[in-house]
Number of protein chains: 2
Amino acid sequence: MTLNMNPSDDRSRSDQIAQILEDQILTGRFAPGARLDEASLAEEHRVSRTPIREAFQRLAQSGLVVQQPRRGVFVRTSSAVEILEMFEVMAELESVCGRLAARRATDAAIAELRAINAECRAAREANDVDLYYQKNGVFHHLLYAQSGNRFLEQEAARLHRRLKPYRRMQLFLRGRLKQSMDEHEAIVEAIAAGDAPRAAELLRDHVAVQGEKFHHVMSHLPDA
Amino acid sequence: MTLNMNPSDDRSRSDQIAQILEDQILTGRFAPGARLDEASLAEEHRVSRTPIREAFQRLAQSGLVVQQPRRGVFVRTSSAVEILEMFEVMAELESVCGRLAARRATDAAIAELRAINAECRAAREANDVDLYYQKNGVFHHLLYAQSGNRFLEQEAARLHRRLKPYRRMQLFLRGRLKQSMDEHEAIVEAIAAGDAPRAAELLRDHVAVQGEKFHHVMSHLPDA
DNA sequence: GTCATGATTTTTGTATACGATAAGGTTGAC
DNA sequence: GTCAACCTTATCGTATACAAAAATCATGAC
């Protein structure tokens, strides 16, 4: 039997590169509108153009870059409007997750939610924005999973990831951490009580407010 | 100046092949679980393996095939559960489209909906299932567009396309055409009246029933 | 000085070549 | 006869090569 010693090496090189490029785009190494050069990226990653191109395919499919035939690939310039639209959809998806979770959640699931929420609270009390940000992500993913709908879970996670950079920036707004935390508490309690409509409503608002905050931050930026 | 006589040729060959393969998978040329052979497909389309592989990347990303490293690509076997999950998400997305459309729709938009709905009715009265199927698709896409949220429109269209083969099979159930048509009428009226909650509810049910019908068809199949 | 036309260069898209890995068959031991 | 180790073969993943198209630059007309 052939054992695979390192599971992370199980993916092809182009897969890994796609992941790296995605992170780099999301974290801002490549500015929106920037062109991704096959040759230089190939050199940088010590591979030929082939894996780079395969990585591009994936990025294009997930909407991070656009491919212009015979022109090249460019980091997609998401306008503020597009991002607000994405937040609107995210709010609805999370709302659905909450509604389904409230109906389907078991006692064990609720305990899990409470546990991760406690970690969020600890992070907030320590004023550790990074940790809160991370735990907040875990909380939301847990919620997606507890919708009981695997497909929904994946779609929600995909959009969540896509909105990552825009969600992060508004966490630094004064008072947002506490507000977010309070909303988490209410959401968990609604789910625990099996109150599906309320869980749905709370989650929609919880995410929609992120869109509004994003809008707020954007409108106070010098230029975009 | 080099004119491009055929706009459809503007896309790269691998794009076209991805499209063709997608259609062939959705229409059943390749059965679920079947392996897609690079070499033979390359020969068939008179290209090298490169465009075929690029097409595979897209198909994999959109979830139609799975790539097993060093093994090949296989048509994804969507279990009935997965498909039902997708219908559940589709119902929610369409519901959101309807809610937003009811709030945002202009008189012109409502007239458009009524017009395409009339075409649906004509197709039903002529008992032309194929035409109804097609016009029904136009109706739903129009609805996605009238959500006023471009991103939502795209996501809804994507999932709609993915569910295409499963939606089609249940149109042949006795009485489904009339039922579907009646639901359309009610939906348009709710939007025209600006009744967002009702439009949302009607659309969720309209799509959810498709999932149920799919389930019904599946459970009466010999084996799957 | 500006604009259009043509040559050069760059870069994309596809083909081909090659190394690596997994599947399948064959041989041999027990 | 069965199982295991090895070898062969097929296929994947990546590198390289080449052709076509677009971008850039230069030249020249007005």
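Naming convention: chains lettered A, B, ... in sequence-line order (proteins, then strands); numbering from 1 in each chain.
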Asker: Please write out each protein N/O paired with an N/O of nucleotides 23-25 of chain D under 3.5 Å, distance rounded to 0.1 Å.
Answerer:
{"from": "dA23(D)", "atom 1": "OP1", "to": "Arg71(A)", "atom 2": "NE", "distance (Å)": "2.5"}
{"from": "dA23(D)", "atom 1": "OP1", "to": "Arg71(A)", "atom 2": "NH1", "distance (Å)": "3.1"}

Asker: Rounded to whole Å, please give me the gap between CD in Glu54(B) and P in dG13(D).
Answerer: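 Rounded to whole Å, this separation is 14 Å.
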Asker: Find the distance Gln67(B):CD to dT14(D):C1' and express it as a whole number of Å.
Answerer: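 Between C1' of dT14(D) and CD of Gln67(B): 14 Å.
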Asker: Only counting residues at least two apart or in another chain, list the ones meeting ring pair (Phe, Tyr, Trp, His ring centres under 6.0 Å) with Phe151(B).
Answerer: none
Asker: Identify, with sequence neighbours excluded, every residue that meets side chain to side chain donor-acceptor pair (under 3.5 Å) alongside Tyr132(A).
Answerer: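 Counting only residues at least two positions away or on another chain, Tyr132(A) forms a side chain to side chain donor-acceptor pair (under 3.5 Å) with Ser180(A).
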Asker: Partners of Arg103(B) by side chain to side chain donor-acceptor pair (under 3.5 Å), sequence neighbours excluded?
Answerer: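 Arg103(B) satisfies side chain to side chain donor-acceptor pair (under 3.5 Å) with no residue once adjacent residues are dropped.
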Asker: Nearest-Å distance, CD (Gln57(A)) to P (dG13(D))?
Answerer: 14 Å
Asker: Pull out every residue in residues 32-53 of chain B that has a heavy atom closer than 4.0 Å to any atom of DNA chain C, ordered by number, or say none.
Answerer: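 The stretch gives Arg46(B), Val47(B), Ser48(B), Arg49(B), Thr50(B), Pro51(B) as the residues lying under 4.0 Å from the strand, ordered by number.
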Asker: Separation of Gln16(B) atom CD from dG13(C) atom C1', in whole Å?
Answerer: 13 Å
Asker: Please enumerate all residues that pass side-chain contact (heavy atoms from CB on, under 4.5 Å) together with His215(B), with sequence neighbours excluded.
Answerer: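 Only Leu84(B) meet the side-chain contact (heavy atoms from CB on, under 4.5 Å) criterion with His215(B).
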Asker: Within this structure, what is the CZ-OH distance for the pair Arg167(B) and Tyr133(B), rounded to the nearest 0.5 Å?
Answerer: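 Answer rounded to 0.5 Å: 5.0 Å.
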Asker: Holding to ring pair (Phe, Tyr, Trp, His ring centres under 6.0 Å), I want the full list of residues that pass it with Phe139(B), two or more places apart in sequence or in another chain.
Answerer: His184(B)
Asker: What residues form a side-chain contact (heavy atoms from CB on, under 4.5 Å) with Arg53(B), not counting sequence neighbours?
Answerer: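 So Arg53(B) forms a side-chain contact (heavy atoms from CB on, under 4.5 Å) with Glu54(A), Glu38(B), Arg49(B).
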Asker: How sharply is the helix from dG1(C)-dC30(D) to dC30(C)-dG1(D) bent, taking the axes over five pairs at either end and rounding to 10 degrees?
Answerer: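 Between the axes fitted at each end of the helix from dG1(C)-dC30(D) to dC30(C)-dG1(D) lies an angle of 0°.
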Asker: Just to verify, what does Thr27(A) make a side-chain contact (heavy atoms from CB on, under 4.5 Å) with, not counting sequence neighbours?
Answerer: none
Asker: Taking NZ, NE, NH1 and NH2 as the nitrogens, is one of them in Asp23(B) or Arg29(B) under 4.0 Å from a carboxylate oxygen of the other?
Answerer: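 Looking at Arg29(B) together with Asp23(B), the answer is no, because their closest N to O distance does not fall below 4.0 Å.
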Asker: Please tabulate, for the side chains in residues 104-113 of chain A, all donor-acceptor contacts under 3.5 angstrom to protein atoms that are two or more places apart in sequence or on a different chain.
Answerer:
{"from": "Arg104(A)", "atom 1": "NH1", "to": "Ser147(A)", "atom 2": "O", "distance (Å)": "2.7"}
{"from": "Arg104(A)", "atom 1": "NH2", "to": "Glu88(B)", "atom 2": "OE2", "distance (Å)": "2.9"}
{"from": "Thr106(A)", "atom 1": "OG1", "to": "Ala109(A)", "atom 2": "N", "distance (Å)": "3.2"}

Asker: Phe74(B) CZ to dT11(D) P: how many Å, rounded?
Answerer: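 Atom-to-atom, Phe74(B) to dT11(D), this comes out as 11 Å.
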Asker: Go through the structure and list residues passing side-chain contact (heavy atoms from CB on, under 4.5 Å) with Ile20(B), not counting sequence neighbours.
Answerer: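 Counting only residues at least two positions away or on another chain, Ile20(B) forms a side-chain contact (heavy atoms from CB on, under 4.5 Å) with Gln24(B), His45(B).
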